[in-house]
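What follows is a short report on a single structure.
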Amino acid sequence: MILTVTLNPAVDKFYMIEEFSMGNVNRAKYVLDTAGGKGLNVSRVCRILGEDVTATGFLGGRNGKFIRENIKKVGIKDAFADIEGETRTCLAVYDEKNKTSTEILETGPLISEHEKDAFLNNYSKIVRDADIITISGSLPMGILPDFYGDLISIAKKNNKTVLLDTSGDILKASLPYKPFMIKPNLDELKYISGMNSYRNEMVILEAEKLYKKGIPLVCVTLGKDGCIAVFDKGVYNLLPPKVEPINTVGSGDSFVAGFASYLLRKYSITDCLINAIACGIANTQFSETGKVSLELVESYKKQIKVIQIK
Ligand code: TA6
């Protein structure tokens, strides 16, 4: 079973706009509300891949109710903790003409000490039934950046594998706890490493430094250019086919789901990364966030090139 952690879930509101015009009235030609937040996108893709998924985190208010109803419909087991606050809304505005996606992310509700303790108590129990734990996204107010470290420690005490997808100070604070995988993009790698260029050599150098600090798999995601991965003392570049995206939001989350699914099925790290990238690309072919099709994933897997750099 895959346990997904989304401490700051969101109702993802997607607006399709013919041509977005800043400072003017824009009429949405298509609107879609999705039970989102990175970990719930991971959960939804895991379900499409046929995996047994339990989702946990914090949910409250009308948005929390919407999310509970929607995750139940797709067979995601609900292990969320109730909160007083209102779960947030995140906007994704897609400009059809310019093919750009603009996101506006709310900070999320304030979590009380009592709510945090109740979550931790429940998490410590459900971790035992999980095989793989994914921890994704930002933290709501009231939760300190090193909280993911507590979750990683509890998981590792139970001999569970943790895949971490977060950024900024939260990612920095989590590194000493050595999750199995981190997947920073270039900007996130720059923030945590201080590197001053995006040249491949620099990216590889910083990724290797993180690997040497005890992170078994450091995967720097490069969007349409795939990823650079450091694991098992080697450095690899995985190159995807070129596709025309519809909506890229949720591709990183689909990547995590694809990786978790294959890791659970005991595939090699390389095959897990191939499946992960194929899921990330497949997600771009749908307007919904966190959506893939098995046919597209299978097709893209065959087109991904793996180059061993070191
Ligand atoms: O990756 C896409 C997405 O999950 C959106 O669905 C939106 O919920 C956002 O990211 C949340 O990101 P955050 O880093 O705030 O957890």
Side-chain angles (χ1 to χ4, degrees), residues 2-7 37-43 45-46 49 132-139 148-149 151-152 155 161-175 177-193 195 198 200 203-204 206-232 234-240 248-264 267-284 289-290 292 304 306:
I2 297 171
L3 175 64
T4 63
V5 179
T6 315
L7 296 185
K38 295 188 180 330
L40 282 178
N41 293 333
V42 174
S43 309
V45 174
C46 282
L49 299 174
I132 293 171
I133 293 136
T134 72
I135 300 177
S136 308
S138 62
L139 291 173
Y148 281 164
L151 305 190
I152 295 166
T161 301
V162 176
L163 312 180
L164 177 66
D165 177 15
T166 190
S167 55
D169 294 333
I170 304 168
L171 177 54
K172 225 181 224 179
S174 307
L175 295 175
Y177 298 88
K178 300 174 186 163
F180 176 78
M181 176 178 92
I182 60 171
K183 55 166 288 294
N185 60 31
L186 284 175
D187 290 338
E188 291 161 353
L189 180 66
K190 184 172 181 208
Y191 185 89
I192 60 173
S193 68
M195 73 182 189
Y198 287 155
N200 257 14
V203 172
I204 292 169
E206 293 303 336
E208 285 183 303
K209 279 186 200 168
L210 290 165
Y211 173 77
K212 287 172 186 151
K213 283 182 180 170
I215 310 280
L217 169 58
V218 178
C219 187
V220 183
T221 56
L222 309 169
K224 62 181 176 27
D225 299 324
C227 76
I228 286 173
V230 184
F231 62 95
D232 294 348
V235 181
Y236 303 81
N237 194 185
L238 287 94
L239 299 165
T248 57
V249 176
S251 289
D253 313 325
S254 304
F255 177 100
V256 172
F259 188 91
S261 169
Y262 262 33
L263 190 64
L264 188 59
Y267 280 89
S268 70
I269 297 294
T270 305
D271 285 341
C272 291
L273 288 169
I274 288 169
N275 198 54
I277 291 178
C279 287
I281 304 172
N283 176 76
T284 69
T289 56
V292 300
I304 290 166
V306 182

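Below, each value reflects all heavy atoms present in this structure, side chains not excepted, and no hydrogens, waters or symmetry copies. Residues take their numbers from the sequence shown, with the count starting at 1.
Panel note: side chain T6, backbone L40; a donor-acceptor pair is recorded below 3.5 Å. With hydrogens and angles disregarded, a donor-acceptor distance shorter than 3.5 Å links the side chain of T166 to the backbone of G137. A donor-acceptor contact shorter than 3.5 Å is absent between the side chain of S254 and the backbone of G280. Judged purely by atom type and a 3.5 angstrom limit, T284 uses its side chain to pair as donor or acceptor with the backbone of I281. A donor-acceptor distance shorter than 3.5 angstrom exists from the side chain of N283 to the backbone of G290, with no hydrogens or angles considered. Under the 3.5 Å distance criterion, the side-chain polar atoms of D232 are left unmatched by any main-chain donor or acceptor of G234. The backbone N or O of A257 lies less than 3.5 Å from no partner atom in the side chain of S261, so there is not a single donor-acceptor pair.
Side-chain contact between F259 and T134 is absent, with no heavy-atom pair separated by less than 4.5 Å. Taking 4.5 Å as the limit, some side-chain heavy atom of L49 sits within range of a side-chain heavy atom of C279. Residues L171 and L175 have side chains in contact (heavy-atom distance under 4.5 Å, counting atoms from C-beta outward). When side chains are defined from C-beta on, T4 does not count as touching S136, because their heavy atoms never get closer than 4.5 Å. Side-chain atoms of F255 and C219, non-hydrogen and from C-beta on, do get closer than 4.5 Å to each other. In this structure, I2 and V42 have side chains that are not in contact, with every pair of non-hydrogen atoms separated by 4.5 Å or more.
Residues satisfying the salt bridge (charged side-chain N to carboxylate O under 4.0 Å, His left out) test with E206, not counting sequence neighbours, are K209. With sequence neighbours left out, K190 forms a side chain to side chain contact (heavy atoms under 4.5 Å, CB included) with M195, Y198. Partners of S167 according to the side chain to side chain contact (heavy atoms under 4.5 Å, CB included) rule, which considers only residues two or more places apart in sequence or in another chain, are E188. Considering only residues two or more places apart in sequence or on other chains, T270 meets the side chain to side chain contact (heavy atoms under 4.5 Å, CB included) condition with F231, S268, I274, V306. D225 pairs by the salt bridge (charged side-chain N to carboxylate O under 4.0 Å, His left out) definition with K242, not counting sequence neighbours. By the salt bridge (charged side-chain N to carboxylate O under 4.0 Å, His left out) test, K38 is found to be paired with no residue, residues two or more places apart in sequence or in another chain being considered.
Screening L164, I192, I135, I215 for a side-chain contact (heavy atoms from CB on, under 4.5 Å) with S174, the sole residue that qualifies is L164.
Separating the OG1 atom in T289 from the CG atom in N41 is a distance of 4.5 Å, to the nearest 0.5 Å. The CG atom of D165 sits 8.0 Å away from atom OG1 of T221, with the distance rounded to the nearest 0.5 Å. Atoms CG and CG, from L263 and L273 in turn, are 10.0 Å apart once rounded to the nearest 0.5 Å. The OH atom of Y148 lies 4.5 Å from the CG atom of L139; values are rounded to the nearest 0.5 Å. In this structure, CG in D253 is found 7.0 Å from NZ in K183, a value given to the nearest 0.5 Å. Taken from CG in N237 to CD1 in I204, the straight-line distance is 7.5 Å, to the nearest 0.5 Å.
When every heavy atom of K178 is checked against every heavy atom of K213, the shortest pair comes out as CE-O, 3.2 Å. Of all non-hydrogen atoms in I152 and Y177, the two that sit nearest each other are CG2-O, 3.4 Å. The nearest pair of heavy atoms linking A278 to I304 is N-CD1, 3.7 Å.
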